[in-house]
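Values reported hereafter were calculated over all heavy atoms of this structure, with side chains retained and with hydrogens, waters and symmetry mates removed.
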Amino acid sequence: SQIEGYMGSLYHHFTANVAKARKKSAKEVEDIINTLQIREGGDAVKLGMIDGLKYSDEVEAEVKRKAGIGEKDKLNLVGLGKYKYANAKVSTSENKIAVIYCTGDIVGGKSADGTMGSETICEGIRKVREDNNFKALVLRISSPGGSALASDIIWREIVLTKKVKPVVVSMGDVAASGGYFIAAPADVIVAQPNTITGSIGVFGLLMNARELIENKLGLKVETVKFGEFADLGMPDRALSTSEREIIQHTIDKIYNDFIKRVADGRKLTVEQVDSIAQGRVWSGLDAKKIGLVDEFGGLDRAIDIAVAKAKLEDFRVVNLPEQKDPLQEIISSLSGGAQSWFMKRQLGHNYHWIQEIQEITRYQGIQARMDYNLRIE
């Protein structure tokens with residue numbers, strides 16, 4: 001029912017926006033979908049869901065006509081990335097707004113291979129806090145969470161920074177569990193209606209590989225230890241009752257800290273947060289209704305809010321962490337990057353399954369992360 005809840009929220013948001021754009025009612029759009037009225041391009045034209053059917057050369061000719069370009073002249077196309085900044089003015093202001101990109105699984109140490117390393121992120125946050133030219137901090141969070149300890153370390157740096165300058169969060173596709181943990185103390189949280197967020201919960205993952213070791217590999221493990229719990233968590237046996245109680249106590253403690261910090265950051269009671277926590281995932285639409293999100297918008301909106309809170313008239317945006325030297329990027333791409341490229345090329349759509357298996361093997365300690373991966377297609 002939880003999955004139906006947030007998927008339904010995303011679906012209704014999608015149909016409502018399509019209906020508005022095509023000047024139809026939401027019910028009309030849902031009827032078209034549910035009865036599969038569009039089975040070929042012509043059906044979409046008749047129903048008013050698209051404006052026409054054209055080959056690429058016909059589309060190019062129409063663009064030339066609308067742009068006032070001669071039929072035989074070359075059409076100079078500009079990519080979206082360049083178009084966005086085509087008319088942007090380069091500011092030389094000493095007032096800086098920092099945008100720190102918190103992307104990927106949250107892990108300890110340095111960021112690498114699509115992960116968000118607590119050491120790397122904390123260095124960036126401290127730099128913003130200690131440099132008086134930085135007037136506000138914007139965190140762009142796109143993460144399903146990860147290490148509870150690493151999340152807590154990042155949370156601390158954000159809390160310290162909030163005491164001296166505004167902190168605004170911009171949520172991407174997913175900002176859940178540990179990703180929400182680090183967002184909670186911000187002054188303002190901005191999300192998209194279809195952002196997946198919440199998942200306020202923690203879990204521990206331990207492997208019992210006894211049957212694999214003994215029955216499949218034919219190995220016999222003998223353990224010599226000093227101290228009753230010296231081998232707690234070893235994969236050659238199941239946990240005892242007392243060991244389960246110890247681990248459960250740790251998980252409960254981290255979860256209670258989690259909901260307390262969300263309550264403090266969002267100005268809610270612990271009971272209110274607990275009622276919407278328990279690992280439950282929300283769409284951005286529903287998250288706003290229950291107080292986990294303040295307003296809708298993208299990164300630009302978050303920057304505007306940060307500027308207003310810092311009371312700035314002129315400013316420039318600085319993205320952190322700073323980009324690597326181009327030569328370092330090339331060297332990096334010749335090793336791990338090249339290997340990933342070839343794997344993606346060979347495995348195609350199945351590459352993400354390999355990635356997920358690799359990620360699971362890297363889990364260490366108690367996790368504040370979504371306990372499943374969501375792929376919306």
Side-chain angles (χ1 to χ4, degrees), residues 1-13 16 102 105-106 139 141-152 154-156 158-159 162 167-205 244-245 247-297 302 365-374 376:
S1 60
Q2 178 190 168
I3 294 176
E4 287 181 345
Y6 69 73
M7 289 294 288
S9 176
L10 299 180
Y11 174 72
H12 293 306
H13 176 70
C102 305
D105 285 357
I106 302 174
L139 297 168
I141 301 176
S142 296
S143 172
S147 165
L149 175 60
S151 300
D152 190 37
I154 296 172
W155 173 88
R156 175 62 177 172
I158 294 170
V159 169
K162 182 184 175 182
V167 177
V168 180
V169 161
S170 168
M171 291 181 168
D173 293 339
V174 179
S177 203
Y180 192 81
F181 191 110
I182 65 176
D187 294 298
V188 181
I189 297 177
V190 181
Q192 297 288 0
N194 57 352
T195 295
I196 300 300
T197 189
S199 190
I200 300 169
V202 296
F203 67 88
L205 184 66
R244 284 183 178 275
E245 290 175 353
I247 294 173
Q248 188 62 55
H249 175 77
T250 302
I251 291 173
D252 291 343
K253 172 67 167 58
I254 294 173
Y255 174 72
N256 289 330
D257 287 344
F258 194 165
I259 60 175
K260 175 67 166 59
R261 287 171 179 175
V262 172
D264 292 341
R266 303 304 301 163
K267 296 180 175 56
L268 300 169
T269 66
V270 170
E271 292 73 23
Q272 285 175 315
V273 175
D274 190 37
S275 70
I276 58 177
Q278 305 292 334
R280 185 170 181 178
V281 176
W282 305 89
S283 70
L285 280 170
D286 291 334
K288 186 173 183 295
K289 294 175 184 176
I290 59 178
L292 294 180
V293 167
D294 293 303
E295 63 176 88
F296 298 136
I366 305 302
Q367 297 291 303
R369 71 166 65 237
M370 290 176 62
D371 55 1
Y372 55 88
N373 285 338
L374 178 66
I376 299 176

With rounding to the nearest 0.5 angstrom, report the [atom1] to [atom2] distance, [X] to [Y].
X    : Y    : atom1 : atom2 : result
I189 : R266 : CD1   : CZ    : 4.0 Å
T197 : I141 : OG1   : CD1   : 8.5 Å
L10  : N194 : CG    : CG    : 6.0 Å
I254 : S151 : CD1   : OG    : 10.0 Å

Side chain to side chain, [X] and [Y], heavy atoms closer than 4.5 Å:
X    : Y    : answer
P185 : W155 : yes
P144 : D105 : yes
D173 : S142 : no
D252 : Q248 : yes
I182 : L139 : no
V190 : D294 : no
T195 : Q192 : yes

Open item on the list: Taking atom CG as the centre, does D187 end up with more than 12 heavy-atom neighbours from other residues, nucleotides or ligands that are less than 6.0 angstrom away?
Closed with: yes
TODO: Assign the ring pair F258 / F181 to parallel, tilted or perpendicular, where the plane angle (0 to 90°) is split at 30° and 60°.
DONE: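 Taking F181 first and then F258, their aromatic rings sit tilted (interplane angle of 30° to 60°).
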TODO: Determine, for R156 against D152, whether the closest basic-nitrogen to carboxylate-oxygen distance falls under 4.0 angstrom.
DONE: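 D152 and R156: not salt-bridged.
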Task: Single hit among K260, R261, K253 for salt bridge (charged side-chain N to carboxylate O under 4.0 Å, His left out) with D257 - done: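 Of all the options given, the one that passes is K253.
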- [ ] Going by the side-chain contact (heavy atoms from CB on, under 4.5 Å) test, name the single residue among I196, V174, I200 that passes it with V281.
- [x]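 When side-chain contact (heavy atoms from CB on, under 4.5 Å) is applied between V281 and each of I196, V174, I200, only I196 qualifies.
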TODO: Report yes or no: does D286 contribute a side-chain atom to a donor-acceptor pair with the main-chain N or O of W282 at less than 3.5 Å?
DONE: no
